[in-house]
Amino acid sequence: MLHGRRILLIVSGGIAAYKSLDLIRRLRARGATVRCILTAGAQQFITPLSASALSGEKAYTDLFSLTDESEMGHLRLAQESDLLVVAPASADLIAKMAGGLADDLASTALLATDKPILIAPAMNFRMWGHAATQQNIATLAQRGVTRVGPNAGPLAENESGMGRMAEPLEIVDAVEKIFRTGETLKGRRALITSGPTHEPIDPVRYIANRSSGKQGHAIAEALARLGADCTLVSGPTEEADPPGVKVIHVSTARDMQAACEAALPVDIAVCAAAVADWRAEAAPGKLKKKDGATPALKLVENPDILAGLSQPGNRRPRLVVGFAAETENVIANAKAKRLRKGCDWILANDVSASTGVFGGAQNTIHLIDADGVEDWPTLGKREIGDKLAQRIAAFLIVKAAE
Ligand code: PMT
């Protein structure tokens with residue numbers, strides 16, 4: 001399955017372009033999000049309208065229109081994908097890729113990406129057999145580009161031979177294989193907390209905070225993409241349940257703690273939730289205004305979920321990762337918090353109002369472990385999820401080898 005996978009499908013010119021429409025449909029049926037770029041050649045065979053109707057996304061063309069650039073620059077288009085699929089890949093586009101040319105949107109996106117690339121070549125058999133094409137294919141293979149097809153069979157203009165694009169189903173299988181190969185957390189169990197908690201004051205009011213759940217949900221999704229069996233314990237958020245993740249919805253800190261304990265044992269715990277440190281001693285009935293008197297709230301300390309998970313013992317996850325939401329002395333406070341709570345890593349983030357981290361799309365993380373501090377650049381929360389998941393996978397692989 002391809003749930004949560006973002007594929008950038010680049011369609012170049014050739015009669016096989018019509019099959020790319022079926023490919024879009026099949027990729028989406030497996031759960032992938034598909035965005036398309038159509039080269040000028042592709043648009044001789046299919047229209048951006050049909051690609052966009054089938055993908056449910058805007059289809060991008062070779063025109064560097066100002067609208068396209070401001071809405072979605074070619075760098076973001078490639079970077080916000082997990083895989084680039086070129087189908088059909090014409091001899092011309094393959095040559096551009098091998099030569100590092102970037103003279104249209106498709107070739108620029110392909111040059112500007114560090115994401116995996118899969119090509120499905122399609123061309124006349126003489127073009128396929130030509131030494132130039134074969135050399136270009138070998139160059140791309142050396143650079144790690146994966147290829148599916150071409151197959152032998154009937155070609156355009158009543159010819160037959162090697163050069164027919166792989167069938168859409170074969171391409172989907174190749175896509176799934178690429179993602180399966182990257183499942184470095186297969187067989188591992190992960191627990192993630194996310195979002196705020198709501199602590200009732202009375203039956204209608206509660207204490208909450210500004211956490212949107214974006215960061216925690218993105219981490220759960222990224223761990224699941226690497227094959228981990230994930231349980232996400234989420235406070236009340238507007239975020240959709242991430243695909244392929246078991247989600248337990250809770251409201252209070254105590255509910256969250258109970259759900260976390262029920263999810264044990266796990267290999268990995270990541271506590272991204274903004275758990276209320278205190279709850280009010282809730283009134284059984286709605287507090288009433290009485291002659292202008294202000295009610296006093298008595299606060300009681302909530303259980304510390306992260307500290308509880310970090311306790312030594314045979315139920316302790318192999319790796320416990322906490323967050324430190326700080327507004328001053330970020331690194332020093334986060335270092336102290338890591339030691340106080342007993343977790344292995346702490347991800348420090350500056351949550352001052354000016355950073356927009358609470359509820360925002362981006363974050364700047366400082367990963368602190370026993371060895372020191374690793375400063376990450378400002379990234380989208382999804383990218384942070386991916387980076388953390390990769391880091392966790394690398395850590396567990398090293399530990400398993402020790
Ligand atoms: O949800 P978003 O809008 O995407 O915003 C992301 C975020 C800012 C919420 C996230 O990046 C973040 O910083 N999460 C931790 C928020 C927090 O409560 O930080 P803290 O420094 O108060 O707590 C330290 C750690 O202890 C955290 O891992 C927290 O989950 C955990 N904790 C805190 C209190 C408690 N009672 N139980 C806990 O487990």
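When a residue number appears, it is its place in the shown sequence, counting from 1. Whatever order the structure lists ligands and atoms in, that order sets their numbers, starting from 1.
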Please test Asn151 against Glu170 for side-chain contact (heavy atoms from CB on, under 4.5 Å), starting from the C-alpha separation and ending with a verdict.
CA-CA 11 Å; Asn151 299 336; Glu170 276 178 79; 2.9 Å; yes
If you count the atoms of ligand 1 from 1 in the order shown, which ones are under 4.0 Å from a heavy atom of [X]?
{"X": "Ala273", "result": "15 (C), 16 (C), 17 (C), 18 (O), 29 (C), 30 (O)"}
{"X": "Asn349", "result": "8 (C), 10 (C), 11 (O), 12 (C), 13 (O)"}
{"X": "Asp277", "result": "34 (C)"}
{"X": "Asn363", "result": "11 (O)"}
{"X": "Lys337", "result": "20 (P), 21 (O), 24 (C)"}
{"X": "Gly322", "result": "28 (O)"}
{"X": "Ala324", "result": "21 (O)"}
{"X": "Cys271", "result": "27 (C), 28 (O), 30 (O)"}

Let me see the working for Arg6 and Asp82 under salt bridge (Lys or Arg N to Asp or Glu O under 4.0 Å), right down to the final yes or no.
CA-CA 5 Å; Arg6 301 165 305 171; Asp82 302 310; 3.2 Å; yes
Less than 3.5 Å between some nitrogen or oxygen of [X] and one of ligand 1, yes or no?
{"X": "Ile305", "answer": "yes"}
{"X": "Pro303", "answer": "yes"}
{"X": "Arg210", "answer": "no"}
{"X": "Asn302", "answer": "no"}
{"X": "Thr193", "answer": "no"}
{"X": "Phe323", "answer": "yes"}
{"X": "Gly213", "answer": "yes"}
{"X": "Ala272", "answer": "yes"}

contact_flag Gln257 ligand 1 heavy-atom lt 4.0 Å
no
Flag side-chain contact, heavy atom, 4.5 Å: [X] against [Y]:
{"X": "Gln215", "Y": "Leu388", "result": "no"}
{"X": "Ile119", "Y": "Met97", "result": "yes"}
{"X": "Ile392", "Y": "Val270", "result": "yes"}

Please work out which of Leu306, Asn209, Ile384 has its closest non-hydrogen atom nearest to atom 31 (C) of ligand 1.
Leu306
Could you name the option among Gly216, Ala361, Ser211 that has the heavy atom nearest to atom 9 (C) of ligand 1?
Ser211
Heavy atom of the protein closest to [atom] (residue, atom name, distance):
{"atom": "atom 5 (O) of ligand 1", "value": "Lys381 NZ, 3.6 Å"}
{"atom": "atom 6 (C) of ligand 1", "value": "Gln215 CB, 3.7 Å"}
{"atom": "atom 32 (N) of ligand 1", "value": "Lys341 NZ, 3.8 Å"}
{"atom": "atom 18 (O) of ligand 1", "value": "Ala274 CA, 3.3 Å"}
{"atom": "atom 2 (P) of ligand 1", "value": "Ser212 OG, 3.3 Å"}

Before you tell me yes or no, could you show the steps for Glu221 and Arg225 under salt bridge (Lys or Arg N to Asp or Glu O under 4.0 Å), namely the whole-Å CA-CA distance, both residues' side-chain angles and the distance that decides it to 0.1 Å?
CA-CA 6 Å; Glu221 198 173 335; Arg225 272 198 295 273; 3.3 Å; yes
Nearest heavy-atom contact between Thr252 and Pro200 is CG2-CD, 3.9 Å
Taking all atoms of both residues into account, what is the closest heavy-atom pair of Val11 and Ser20, and its distance?
CG1-OG, 3.5 Å
Would you indicate whether Glu374, at its atom CD, is surrounded by more than 12 heavy atoms from other residues, nucleotides or ligands within a distance under 6.0 Å?
yes
Got more than 12 heavy atoms from elsewhere within 6.0 Å of CZ, Arg210?
no
Parallel under 30°, tilted from 30 to 60°, perpendicular over 60°: which one fits the rings of His198 and Tyr206?
parallel
Please walk me through it: do Asp22 and Lys19 pass salt bridge (Lys or Arg N to Asp or Glu O under 4.0 Å)?
CA-CA 5 Å; Asp22 186 32; Lys19 287 195 206 169; over 6 Å; no
Any cation-pi pair here, Arg391 with Trp376, using under 6.0 Å and within 45°?
no
If you apply the rule salt bridge (Lys or Arg N to Asp or Glu O under 4.0 Å), what do you find for Lys288 with Asp202, and how did you get there?
CA-CA 10 Å; Lys288 300 269 189 224; Asp202 65 16; over 6 Å; no
